[in-house]
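Input: a single structure, listed below in structure tokens.
Everything quoted here is computed from the prediction, not taken from an experiment.
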Amino acid sequence: SSAEAATLSELARTSLAGDQSSDEFLDQLRGQFDLAGVSVFESADDGQWRLRASAGERAPQVPEEADILDRPRAGLAIGLKQPAPTGGDRRLLSAYEAHLAALLEREKLVLHLRDSIKLIEGNRVKTSILRAVSHDLRTPLAGIELALTALRRQRSKTSLHQQEEMLDVVQNSTDRLKGLVGNLLDMSRISSDSVQVLHEPVTWLDVVPDALAGVPAGAVRVELAPNLPPMDADRGLLERALANIVENAVKYAPETDILVQATAGSGVQAGPDGRAFSELRVVDYGDGVPASRVVAMFQPFQRLNDSSAGIGTGTGIGLGLAVARGFVEAMDGELLAEETPGGGLTMAVRLPLYMGPADLKDDE
């Protein structure tokens, strides 16, 4: 009786603590009653039983293989591979089975909760995308339409210089529209967990020049050591992430010294797990970001000093850093924000070093 009471008390404690999975508890149940095997079956919509979990080498794979089949609640069956205990042990087994049923129900509720949270987040992103389309994307489209209409209707009355200015408006608006749409599509991929990473050896020298292609000449200084080892990364995703980081620095720290740096001394370090990684830093000396805003800075549709005043003024829709972090983390890297000594913001991109073909995810 004392042992039975202690066991029931422990079951109640673990029920409240919620620190045990159904698979772990299934192993505990099998060991407690010295069963050759135990399985959990759930009733499907078609009325058939399907195997949910099992423990033991002789665990029944279908209900018919069980020596005894208990049903602690509707739609759930627990199959035992040997005769069930009797007397006090039978009462304990019933308590164990009821506890197992509760664990399975809790796990279902947790999965439903996660799905609901993911659905809510997806709806939030969709709503934000619609708002972005209705505001920020209209501005470059309106600029393109206005310039083209003026060229078409007043070409004979405008000078070559004026025509060149209108074409510049079209080009700038098109570039901005391309960037906005690209970030929206990238954020949709990240939100739906559909980012596909092509792991390959990549160096900073491979991607930095292309990442800076959209930045005005002379706006950024580059200091890259030529002897840095390659990283395990996706060239396209890394280029896209770096472009967003640098463009963000140019946007919010204009007319300041912006430095893209990776050196042999500080560029290769050991991570918390002991794996070596390479680091590139994008350093600016602008106003910086308050510590209270660092976390929000990486959230989708968040901008520095976020307000509706920025809409249509070229500030973008607040996706650049969210996309950059999503891509870097998809490559098993980190994107960190630090305060620049003397004022400003430093973004550090850390990626694991390439260790050979066996390191590639596609070959594992």
Side-chain angles (χ1 to χ4, degrees), residues 1-124 190-197 273 329-330 332 361-364:
S1 297
S2 177
E4 182 177 341
T7 301
L8 293 175
S9 176
E10 179 63 18
L11 285 178
R13 187 198 67 78
T14 54
S15 294
L16 293 174
D19 56 357
Q20 191 176 38
S21 69
S22 58
D23 289 335
E24 293 172 340
F25 185 75
L26 205 59
D27 277 327
Q28 181 181 338
L29 185 152
R30 186 183 67 83
Q32 176 70 29
F33 297 96
D34 196 23
L35 300 173
V38 57
S39 298
V40 178
F41 302 96
E42 287 184 325
S43 178
D45 294 336
D46 58 3
Q48 301 296 317
W49 291 99
R50 66 177 182 85
L51 181 65
R52 166 70 183 271
S54 63
E57 296 181 357
R58 295 179 57 195
Q61 300 301 302
V62 294
E64 290 75 17
E65 293 181 357
D67 293 329
I68 190 167
L69 196 67
D70 290 332
R71 297 188 181 183
R73 63 172 174 79
L76 182 70
I78 299 177
L80 309 177
K81 196 58 179 175
Q82 72 179 39
T86 59
D89 284 343
R90 178 67 216 187
R91 291 194 300 271
L92 276 181
L93 177 62
S94 297
Y96 266 82
E97 290 177 340
H99 181 73
L100 178 59
L103 281 179
L104 293 170
E105 187 65 24
R106 185 185 69 192
E107 289 178 353
K108 278 188 177 181
L109 292 175
V110 170
L111 288 176
H112 286 319
L113 178 60
R114 290 175 180 172
D115 290 340
S116 298
I117 292 174
K118 190 173 182 179
L119 181 62
I120 291 172
E121 179 63 20
N123 288 335
R124 189 185 72 82
I190 293 171
S191 299
S192 60
D193 296 327
S194 61
V195 177
Q196 299 295 322
V197 179
D273 58 356
E329 291 181 348
D332 299 325
K361 298 297 183 294
D362 292 341
D363 294 338
E364 289 182 349

Worksheet item: Mind checking what makes side-chain contact (heavy atoms from CB on, under 4.5 Å) contact with Ala55, not counting sequence neighbours?
Response: Leu26, Asp27, Arg30, Val38
Worksheet item: Between atom CD of Glu65 and atom NZ of Lys81, what is the distance when rounded to the nearest 0.5 Å?
Response: 6.0 Å
Worksheet entry | Between CD on residue Gln48 and CZ on residue Phe41, distance to nearest 0.5 Å | 12.5 Å
How close do [X] and [Y] get, heavy atom to heavy atom, and via which atoms?
{"X": "Pro63", "Y": "Trp49", "value": "CG-CB, 3.7 Å"}
{"X": "Leu35", "Y": "Leu80", "value": "CD1-CD2, 3.7 Å"}
{"X": "Ser39", "Y": "Pro60", "value": "OG-O, 2.6 Å"}
{"X": "Gly79", "Y": "Ala66", "value": "CA-CB, 3.7 Å"}
{"X": "Leu76", "Y": "Ala101", "value": "CD2-CB, 3.6 Å"}

Discussion item. So Lys108 and Leu111, do their side chains get closer than 4.5 Å, heavy atoms only?
Written reply: no
Fill in: Test applied, side-chain contact (heavy atoms from CB on, under 4.5 Å); reference residue, Ile78; option that passes from Leu100, Ile68, Leu69
Leu100
Worksheet item: Listed by chain and number, what are the salt bridge (charged side-chain N to carboxylate O under 4.0 Å, His left out) partners of Arg50, not counting sequence neighbours?
Response: Glu42
